Amino acid sequence: MTSTTRTVDKMAVTVAIVGGGAAGLVAAIHAARLGADVTVFEKNDRCGRKLRITGKGRCNVTNHCTRDEFFANITGNARFLFSAWDRFSSEDTEAFFEELGVPLKVERGNRVFPVSDKATDVVDALVRECRRTGVQTLHETVTELLLRDGRAVGVQTARGARLFDTVIVATGGASYPLTGSTGDGYRFAEAAGHTVLPPTPSLVPLVEEGSFCASVQGLSLRNVRLSVRDTATGKTVFEDFGEMLFTHYGLSGPLVLSASAHLADATRGRYEVSIDLKPALDEKTLDARLLSDFKKYQNRDFLNALADLLPQKLIAPLVARSGIDAHKKVNAITKEERAALLALLKDLRVRIRGFRPIAEAIITKGGVALPEISPRTMESKKVKGLYFAGEVLDLDAYTGGFNLQIAFSTAVLAGESAACAEVQE
Ligand SMILES: Cc1cc2nc3c(=O)[nH]c(=O)nc-3n(C[C@H](O)[C@H](O)[C@H](O)COP(=O)(O)OP(=O)(O)OC[C@H]3O[C@@H](n4cnc5c(N)ncnc54)[C@H](O)[C@@H]3O)c2cc1C
C-alpha cells in the first residue's frame, strides 16, 4: 500500500461526514468544493435540526467582530482556534452566507442574523449548496467508526459498513438531544483512543436554593442588571444588563444563560445572583422616587403602594422579603424600613444551587480533548484520516454567534483537510 495525495484530476478522495448539522454541512460543502466525493450521514430525516431553532428561530449565524473580540468570547482553549479563525473568520462566514443567497444584518452586540429572521433560510441554503456541489446525504445513524491499522476507513450504520478514505465526526454535543445531538461522537472518539473531557452544561438556566423564584414564576424582566458573586472567593464573576426570566426552578433568560458560562462549578450555594431591579436609578434618585410614591399612597397598606414601581407579580414576594409588615400604613414606614426596601430593589439576591440538566443547555462544555487534535487540520493525532469539527470538540463560547462561528471555522479546516488528505491506495 502506498500513500498518495489525490487531486481533483485523479480519483476523488471519499469523505464520510457523521452529522448533518452546522459543522457537518459546512465541512461537506468545503470538501466537495475541493473535488472530494462527500457523503453526509445524518440520523434525522432532515439536516440541521438544531440550527433551525438557533437564535429563537432566527439563527445568530456569527458575530461581526474583530479577531481579538472573537477570542475574548471563547471560554477556554482559545489558542486552539487560531488557525481555524485565520482560515475562516466571521467575515468569511458573512461572505459565505451572502454568496449562498442569505442576506444578513447586524444587530445589537454585533450579532449577525439573516435579514429574513428565519433560521430555516440558513439551513435551506446549506442543504442547497450541498446538493449543488454533489454532496450525497444519507439519513442513517452511524453506530461506529471503522478503524484499521491506526486509520479511519469508514463508518458502520444499520445498513452495513461503508468504506471511505477519510471520516469527519461532526455529531455535536449532548444538549437538546431531541435535535439529534446525543453525544455519539464522544463514544466514537473514545473508541478511537481519544480522551473526552466530561460533557457539562453551559449557557444553561440556573436552579435556585430557596423558593423565591417559584413565587414569581413566569415573570420576565427586561431592563435589569444582573451580577453573580462567587461566595468562595468574594469576586464578581459576571455582570451585565438585559433580560431575564423567573421560573419554577430558578432563573433563565438571555442574561442568565450568559452568566452561567462564567460559573466554573455551580455546587450548592457557591454562587449568589444579585438583581438590580432599577439599574437606571441610582440610590438617591430611587429613594426620591420611593418618597414620592409613599407620599402619593400614604394612607394605603404598604402592600398596595408599589404598583407604580414594580410588576404586580413581584410586589407580594418582595414585600415579604423586605421584612416590613405588608399591612403597615405607608405613612408609618420608617426611614430604616425604606432604606431596607431600597437595598432590596437594588440588590435582590438569589442563591444558586446548580445548573439545569445538560439537555436544557444551549451548549455542551467539554468534549474531545484538544491536545490530541491538530489545530491546523482538525485531524486526530491518534488515528489518521479521522477529523473532528464543531461542538463535539472541547470548545465553547459565550452567546452572540460565537458558538456557530466555532462550528464553521473548525468545519472548513476539517472539510478541506479531509478532502486533501493523503490516502491509502
Ligand atoms: C436552543 C439553541 C439555540 C442556539 N442558538 C445559537 C445561536 O443563535 N448562535 C450560535 O452561535 N449558537 C447557537 N446555539 C449553539 C449551536 O446550535 C451549536 O453550537 C451548533 O449547532 C453546533 O454545531 P454542530 O454541527 O457541532 O452540532 P449540531 O448542530 O448539533 O449537529 C450535529 C448533527 O449530528 C447528527 N448526529 C449525531 N449523532 C449522529 C450519528 N451517530 N449518526 C448520524 N448523525 C448524527 C445530529 O442529528 C445533528 O444533526 C444554539 C443552541 C441551542 C440548543
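The structure displayed is predicted, hence computed values, not measured ones. Numbering of ligands and ligand atoms starts at 1, following listing order.
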[Y] and [X], any side-chain heavy atoms less than 4.5 Å apart:
X    : Y    : value
D396 : I406 : no
T133 : V38  : no
V167 : Y387 : no
T247 : P205 : no
V123 : C59  : no

**OP:** Describe, in one word, how the ring planes of F246 and F212 are oriented to each other, choosing from parallel (under 30°), tilted (30 to 60°) and perpendicular (over 60°).
**Re:** perpendicular
Original post:
Angle class for the F96/F88 ring planes (parallel below 30°, perpendicular above 60°, tilted otherwise)?
Top reply: perpendicular
Would you tell me whether [X] and [Y] have side-chain atoms, one donor and one acceptor, within less than 3.5 Å of each other?
X    : Y    : result
E94  : T62  : no
S274 : D347 : yes
D86  : S83  : no
T14  : D37  : no

So is [X] close enough to ligand 1, meaning a heavy atom under 4.0 angstrom away?
X    : result
L51  : no
G401 : yes
R49  : no

Suppose we measure from [atom] to each protein heavy atom; which comes out shortest, and what is that distance?
atom                    : value
atom 25 (O) of ligand 1 : A23 N, 2.8 Å
atom 3 (C) of ligand 1  : T54 CA, 3.6 Å
atom 52 (C) of ligand 1 : I362 CG2, 3.7 Å
atom 27 (O) of ligand 1 : G172 CA, 3.2 Å
atom 21 (O) of ligand 1 : K50 CD, 3.8 Å
atom 42 (N) of ligand 1 : V142 N, 3.0 Å

Before signing off on this row, confirm whether [X] and ligand 1 have an N or O atom pair separated by under 3.5 Å.
X    : answer
T182 : no
N60  : yes
Q405 : no
L404 : yes
G48  : no
K43  : yes
A22  : yes
G390 : no

Distance under 4.0 Å to a non-hydrogen atom of [X]: what atoms of ligand 1 satisfy this?
X    : value
I363 : 15 (C), 19 (O)
G55  : 3 (C), 4 (C), 5 (N), 6 (C), 7 (C), 8 (O)
E391 : 18 (C), 19 (O), 20 (C), 22 (C), 26 (O)
D184 : 38 (N), 39 (C), 40 (C), 41 (N)
S181 : 30 (O)
T179 : 47 (O)
G180 : 36 (N), 37 (C), 38 (N), 46 (C), 47 (O)
Y176 : 1 (C), 53 (C)

Which bit of [X] gets closer than 4.0 Å to ligand 1, counting heavy atoms only: side chain, backbone, both or neither?
X    : value
K56  : neither
E42  : both
F41  : backbone
S175 : neither

Counting N and O atoms only, with roles assigned by atom type, does the side chain of [X] sit under 3.5 Å from a partner on the main chain of [Y], one being a donor and the other an acceptor?
X    : Y    : answer
R49  : G20  : no
K384 : G150 : no
T231 : R270 : yes

Subject >> Matching residue for F70 among F408, W85, F82, Y398 - test: ring pair (Phe, Tyr, Trp, His ring centres under 6.0 Å) >> reply: W85
Original post:
What pair of heavy atoms forms the shortest contact from T364 to P199, and how long is it?
Top reply: CG2-CB, 3.5 Å
Original post:
Run the side chain to side chain contact (heavy atoms under 4.5 Å, CB included) check on R33 and E129 step by step: do they pass?
Top reply: CA-CA 10 Å; R33 283 180 178 180; E129 184 64 3; 3.0 Å; yes
Subject >> Nearest option to atom 31 (O) of ligand 1, as decided by whichever heavy atom of G21, G19, G20 sits closest >> reply: G21
